[in-house]
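Side-chain atoms are counted along with the backbone in the values below, which use heavy atoms only and exclude waters and symmetry mates. So you know, we letter chains A, B, ... as the sequences are listed, proteins then strands, and number each from 1.
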Number of protein chains: 2
Amino acid sequence: MSIKHALMGLLAKGPHHGYELKASLEEQVVPLSSLNFGQIYSTLDRLERDGLVTHRLVAQEERPDKKVFALTDAGHRELRAWLRSPSTVPLDLRNETFLKLMLARSLAGLDGAQSAQGVVAAERRASFERLHEVAQMRFRAAEAGTPAEVVLLLDLASLRLEAFLKWLDRCEEVLL
Amino acid sequence: MSIKHALMGLLAKGPHHGYELKASLEEQVVPLSSLNFGQIYSTLDRLERDGLVTHRLVAQEERPDKKVFALTDAGHRELRAWLRSPSTVPLDLRNETFLKLMLARSLAGLDGAQSAQGVVAAERRASFERLHEVAQMRFRAAEAGTPAEVVLLLDLASLRLEAFLKWLDRCEEVLL
DNA sequence: CGCAGTATATATATACCGAGTATACATATC
DNA sequence: GATATGTATACTCGGTATATATATACTGCG
């Protein structure tokens, strides 16, 4: 997920400069993770290059000027179009675990190569650990009074992990 | 998923040049999708820079020389280590749909903004369509006698889509 | 039949782009 | 001396598009 539309979304509510935007994003949009300034600034540059935002400089005493960005009309249109269109996760028929399984099978017999069973076992163990981590994060979030929306991100993480675990079972049936 | 370890895996079975490797990858490792030559060659260059592979030139008449790559000892070690370690998908607590939902809510009321309900509905529709696509691919694969392993990739795709649909239900409960 | 034109296979290299990380540069405040 | 305010630059990595050659195979037309 790129940060591009997140920036546009914040700018739809009014002009802001990069430093502010970073803080808002971390609070509202990607809670539980953090961003890099370089990413914010270069994304804003690209948005400006593409005519989706403009900036004006606001002078300050004893500090670098602020670059206050605002969404252009084209930016508003683009944002609305993006909100209306479903996410474009392109099916993704390549998968690292699958690759490991294929390689483990074809390399069977070579010096100290991992077996396909071993791969499945390692992945399963790791996934269970992650599932546990997520559960803990969720518990801590509940304690800290984290808003329900944020917990949704954790829900998604565990649903994904569960799906992956189911898939590992299926792999075992088919391959072993 | 990067192509780096896939290349190393193929080279573990013997030396090959870029052009061959591309074909093997498409056949064995990322069936159902295709690769770009630039990616193969630049990944091989990086592997060589990092001491994981070496190449020697094999002259040919009337054609460019082949660059035949072979896995180094360090490469073998790295490959085995990678095969032993579980996939490192880092939990990923950012999600495009979540972003859309947050923005739809906070922009509610602005000019022609999409509602959160609308976002969920659009995502759901798109996911069902994809699920249908996957089912069709699966059917065609079965007809074409596609190996069972390849079908596993389709299984993963549908398990993921189902998990995502469940999550959308959950979003609706929490947000609407 | 022959020939021109076109697609495809063999083989690599380069330029470019977007996303993300690391780091440098300033100053003020706690 | 750490932390907050503010921006900029260089770099890496994964990936796409395109340029550069040549050989072979197919296709249609006169």
Side-chain angles (χ1 to χ4, degrees), chain A residues 1-8 15-27 29-30 33-50 52-53 55-69 78 82 88-96 99, chain B residues 1-8 15-27 29-30 33-50 52-53 55-69 78 82 88-96 99:
Chain A
M1 189 206 59
S2 106
I3 223 65
K4 174 181 161 184
H5 292 99
L7 288 169
M8 291 174 63
H16 295 283
H17 62 284
Y19 194 85
E20 283 175 332
L21 288 167
K22 188 202 176 226
S24 305
L25 284 181
E26 285 177 345
E27 192 195 330
V29 177
V30 290
S33 65
S34 81
L35 299 173
N36 182 295
F37 278 117
Q39 196 181 343
I40 307 289
Y41 292 118
S42 55
T43 304
L44 285 169
D45 287 347
R46 258 175 273 139
L47 285 171
E48 183 151 39
R49 179 201 58 191
D50 299 340
L52 302 171
V53 305
H55 82 270
R56 64 194 166 85
L57 287 175
V58 175
Q60 297 195 117
E61 302 148 19
E62 311 279 15
R63 277 176 193 286
D65 294 351
K66 286 187 201 173
K67 278 175 87 169
V68 176
F69 288 87
E78 159 68 22
W82 173 78
T88 53
V89 188
L91 238 283
D92 194 14
L93 291 167
R94 23 225 265 201
N95 176 265
E96 186 168 341
L99 172 56
Chain B
M1 191 204 59
S2 106
I3 224 65
K4 174 181 160 183
H5 292 100
L7 288 170
M8 292 174 61
H16 295 282
H17 62 283
Y19 193 86
E20 283 176 331
L21 289 167
K22 189 203 175 224
S24 305
L25 285 181
E26 286 178 346
E27 192 195 329
V29 177
V30 290
S33 65
S34 81
L35 299 173
N36 183 296
F37 278 116
Q39 197 180 342
I40 307 290
Y41 292 119
S42 55
T43 303
L44 285 169
D45 287 347
R46 258 175 272 140
L47 285 171
E48 182 151 40
R49 180 201 58 192
D50 297 341
L52 303 172
V53 305
H55 81 271
R56 64 194 167 83
L57 287 175
V58 175
Q60 298 195 115
E61 302 149 18
E62 312 278 16
R63 276 175 194 286
D65 293 351
K66 286 187 202 173
K67 278 175 87 167
V68 176
F69 288 88
E78 159 67 21
W82 174 77
T88 52
V89 188
L91 238 282
D92 195 15
L93 292 167
R94 24 224 265 204
N95 176 265
E96 185 168 340
L99 172 56

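Put simply, the side chain of B:Asp50 never gets that close to the backbone of B:Leu52: no donor and acceptor are under 3.5 Å apart.
When the side-chain nitrogen and oxygen atoms of A:Arg94 are compared with OP1 and OP2 of D:dG14, none of them lie within a distance under 4.0 Å. OP1 or OP2 of C:dA19 sits under 4.0 Å from a side-chain N or O of A:Arg46.
The CG atom of B:Leu7 sits 11 Å away from the P atom of D:dG14 (whole-angstrom rounding). Between the P atom of C:dA19 and the NZ atom of A:Lys22 lies a distance of 19 Å, rounded to the nearest Å. Taking atom NE2 of residue B:His16 and atom P of nucleotide C:dT10, one finds them 15 Å apart after rounding to whole Å. The nearest whole Å value for the distance from the CD1 atom in A:Ile40 to the P atom in C:dG20 is 10 Å. The separation between B:Leu44 atom CG and D:dG14 atom P is 13 Å, rounded to whole Å.
Residues A:Arg94 and B:Val30 approach most closely at CB-CG1, 3.8 Å, considering heavy atoms. Of all the heavy atoms in B:Leu44 and B:Gly18, the pair that sits closest is CD1-CA, 4.0 Å. Between B:His17 and B:Lys67 the shortest heavy-atom distance is CB-O, 3.0 Å.
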Output a table of nitrogen or oxygen pairs between the protein and nucleotides 6-10 of chain D separated by less than 3.5 Å.
| from | atom 1 | to | atom 2 | distance (Å) |
| --- | --- | --- | --- | --- |
| D:dG6 | OP1 | A:Gln60 | OE1 | 3.3 |
| D:dT7 | OP1 | A:Lys67 | N | 2.6 |
| D:dT7 | OP2 | A:Tyr19 | N | 3.1 |
| D:dT7 | OP2 | A:Tyr41 | OH | 2.9 |

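Relative to the six-membered ring of B:Phe37, B:Lys22 meets both conditions, a distance below 6.0 Å and an angle of at most 45° to the axis.
Aromatic ring pairs are classed by plane angle as parallel below 30°, tilted from 30° to 60° and perpendicular above 60°; the pair A:His55 and A:Phe69 is tilted.
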